[in-house]
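Heads up, the thing below is written out as structure tokens.
This structure is a prediction, so every number in the text was calculated from the model and none was measured.
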Amino acid sequence: MIARKKGDISGEIVDSAPEGVDPNVPNVARMYDYFLDGKDNFAADRAAAEQILQTFPNTKEGARANRAFLRRAVRHLVDSGVRQIVDLGAGLPTQGNTHEIAPEARVVYVDNDPVVCVHGRALLARTENVSFLQADVRETDTLLHKLDDLIDFDRPVAFLMLAILHFIPDYVAYDMVAKLRAASAPGSRLMISHAIDTTPDTTPQAVEIYRRATAALSLRTREEILRFFEGYELEEPGLTYPNGWRPDDPDAPGNGITFGYVGVARKP
């Protein structure tokens, strides 16, 4: 996990990175942690995140809306009888993790970032029915092989892909999701949140920031996001903004967050 210590001379806080991790390269998982007001990020992550906030000032609100969607959708999955959940590109453990929302389910967190995996395994060391797997979702065949020991693919499984697909280019993303669908049993679910291009005039600046980080940005249109659900049946209310997906209080006013679309679908 990330440690912080006092500087020897100046007294400033110095980030200490685990061996093999370059703290000078912004990381999208740690930037997301910063947007959620987390503490597990480096100076380079904070600087890149602040650049994003200058262009998209509602990014923090969008991250929180995404987490709220996660909470509502995971409870829906469990209430529908799903007892296996694979959280892909899980990121750093934060408040309201998937296994906390669904303690009755088998949960596997997947991330390719060694810092994420070290931190996640330390946090979950004494938590039953939860695993943290280091794997790259883009190498889908290898990922599925590793999951074989953790998931029973003869029973329904939910694949969570929150704020990850917009970091994966088309030539990988659609084939990747198709392989996950093919490997899963009927009754399995696909859960997606995906950013869209809401400010064409300034988006190139954000794309350049993420290009210098650990993952480039691949924004898509609503129609392009819908393609990921081919072979699935979208559950109500379909593909919608985060606050519009089965809100706890349907009569409560939304906060206007329209950073992208979310949806949950069932494999028939």
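D111 places a side-chain N or O within 3.5 Å of a backbone atom of D113 that can act as its donor or acceptor partner. At least one donor-acceptor pair closer than 3.5 Å links the side chain of R75 to the backbone N or O of I101. A donor-acceptor pair under 3.5 Å links the side-chain atoms of R246 to the main chain of E236, judged by distance alone. When atom types are taken as modelled, the side chain of R46 and the backbone of N41 share a donor-acceptor pair closer than 3.5 angstrom. Side-chain atoms of D175 never come within 3.5 Å of backbone atoms of V172 as a donor-acceptor pair (strictly under, hydrogens ignored). A donor-acceptor pair under 3.5 Å is formed between the side chain of H166 and the backbone N or O of A195. D87 places no side-chain N or O within donor-acceptor distance of the main-chain N or O of V108, the cut-off being under 3.5 Å. D149 places no side-chain N or O within donor-acceptor distance of the main-chain N or O of K146, the cut-off being under 3.5 Å. When atom types are taken as modelled, the side chain of Y109 and the backbone of H99 share a donor-acceptor pair closer than 3.5 angstrom. The backbone N or O of L239 sits less than 3.5 Å from a side-chain atom of R222, completing a donor-acceptor pair.
Between atom NZ of residue K267 and atom CG of residue L190 there is a gap of 11.5 Å, rounded to the nearest 0.5 Å. Residue R189 holds its CZ atom at 5.5 Å from CZ of R266, rounded to the nearest 0.5 Å.
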Residue pair R155, S188: steps toward the side-chain hydrogen bond (donor to acceptor under 3.5 Å, both in side chains) verdict
CA-CA 8 Å; R155 297 192 297 119; S188 294; over 6 Å; no
Test Y34 against E50 for side chain to side chain contact (heavy atoms under 4.5 Å, CB included), laying out the working first.
CA-CA 9 Å; Y34 180 80; E50 284 296 334; 2.4 Å; yes
Side chain to side chain contact (heavy atoms under 4.5 Å, CB included), that's the test. Do V86 and V157 meet it? Break it down for me.
CA-CA 7 Å; V86 180; V157 56; 3.8 Å; yes
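Residues N66 and Y32 bring a donor and an acceptor atom of their side chains to less than 3.5 Å of each other. Between the side chains of H194 and E224, no donor-acceptor pair is found at a separation under 3.5 Å.
Between F228 and Y174, the ring planes are parallel. Angles under 30° get that label, and only those over 60° would be called perpendicular. The aromatic rings of F153 and F159 sit parallel, their planes meeting at an angle under 30°, below the 60° perpendicular limit.
Remark: R83 does not engage D152 in a salt bridge, criterion side-chain N to carboxylate O under 4.0 Å.
Nearest heavy-atom pair, P156 versus A185, reported as atom, atom and distance to 0.1 Å: N-CB, 4.2 Å.
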